[in-house]
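Structure first, commentary second.
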There are 2 protein chains.
Amino acid sequence: MVRYLITFSYDGSGFNGYQRQPKLRTVQGELEKALKKLNDDKKVEVHASGRTDKGVHAINQKAHIDLDITINEDKLKMALNSLLPEDIYIKSAEIVSDTFHGRYNVKAKEYMYLINTGEYNPLERNYVYQYNKSLDIVEMERALKYLEGEHDFRSFVCTQDEKENCVRTITQTNLIRDLKDPNKITILFLGTGFLRYMIRNMIGTLIKIGEGKMKAEDIIPLIDKKDREAAAPTAAAEGLYLRNVFY
Amino acid sequence: MVRYLITFSYDGSGFNGYQRQPKLRTVQGELEKALKKLNDDKKVEVHASGRTDKGVHAINQKAHIDLDITINEDKLKMALNSLLPEDIYIKSAEIVSDTFHGRYNVKAKEYMYLINTGEYNPLERNYVYQYNKSLDIVEMERALKYLEGEHDFRSFVCTQDEKENCVRTITQTNLIRDLKDPNKITILFLGTGFLRYMIRNMIGTLIKIGEGKMKAEDIIPLIDKKDREAAAPTAAAEGLYLRNVFY
């Protein structure tokens, strides 16, 4: 048995999310189908850094896999790409120690969220969140700083489970306005881990702040409330990208 | 009857080309379906500047339409966008004279072709031509200049009809390397008119030149041959965009 770490990108538009589900087209499902063919028809489980939801993209998702066959790293990359559909691409494969784990060893993750406040572009409809009004970028940037640090992010999570630990650390945030097209806004989050819908819920609140319906400082009592009902609606999936995973 | 000029963009990936065809999803078919609903259920014919082939995109395609109803230009834009699918978008509508014609009045067209010589990106697979080797950009740029001017472009056209007039004028060409990502190459063509597959056939030849299999000067005897068999294969549709139409 040889353990490999694979780095891959995918277009989330054609998948029912990352995680394997019976009868639905998922990223994990397609990967495991291709890997089984390579692995002498024996099932291979893909242990990714975490799930991404339906419509969410990945630029550098990572996962570990165990193969019964021995195959050179570059050959594994090429063989997998020849078996995979066009909307998943293996960027690299490397042999790792048998104790390495694709999910448990994650130290940090980086997510990117794209917003277009300019004219709708049908060519980008699956790759950016279309927002048809202008946004107060300065206020949004200020609000981002209140999200940084260690917090209980329960207000941004849709969990029913009161015992679930929602404490996470956001180590860095960034808001970038495209120089060529100021209507394109990129928001970056680097953190130790993110809960389900957490980023899209934070983006929903940031948009409310950009609209002037909330002040940047309102983030503080909102976090303190620890109540999902208090925050804004979840922002659309198509703007979200898992950009990097760090071990 | 009021005549309107509409400007629209579309993502070619989901269409069997621009032109209406029975039982197939086409840009013209979707536009005419939406227009019929607006026009008291009376058929409306869309007279575009020209067709685009399957998989080819448009940033600014233009067409004239005649409506029996009277509707304000902005309202027409909004009403159409609410009826159209997500992959077509009306950018503007303006009332024009009854003698204006969407196709016959075209003075010039601009096309753009995108090539990626870097790593494959599944998120861009429908929007750029993926070429996995490096290209000699300087030689390609030199070759482009031989295509400029008035020529009989028969060598770049797949016509069987010997009598068809293949004389066109390319007024300007441009090759741009992306500053942020030098693996992204944009080639622009401005001309009085282009024949079917002409740009994709010219791109096929330019790639051969970029590969070092032909010299820039070889364009001259190639044009003189007036024989499609002499030129390189047609380049992929997904890299091609109709960028503008001038009247």
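Convention: sequence-line order gives letters A, B, ...; per-chain numbering from 1.
Nearest heavy atoms, A:Leu123 versus B:Ala58: CD1-O, 4.3 Å.
Residues passing the side chain to side chain contact (heavy atoms under 4.5 Å, CB included) test with A:Ala34 are A:Leu80, A:Leu83, A:Leu84, sequence neighbours excluded.
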To see if you've got the definition right, give the donor-acceptor pairs under 3.5 angstrom between chain A and chain B.
residue: A:Asp11; atom: OD2; partner: B:Arg125; partner atom: NH1; Å: 2.8
residue: A:Glu86; atom: O; partner: B:Tyr120; partner atom: OH; Å: 2.5
residue: A:Tyr120; atom: OH; partner: B:Glu86; partner atom: O; Å: 2.4
residue: A:Arg125; atom: NH1; partner: B:Asp11; partner atom: OD2; Å: 2.8

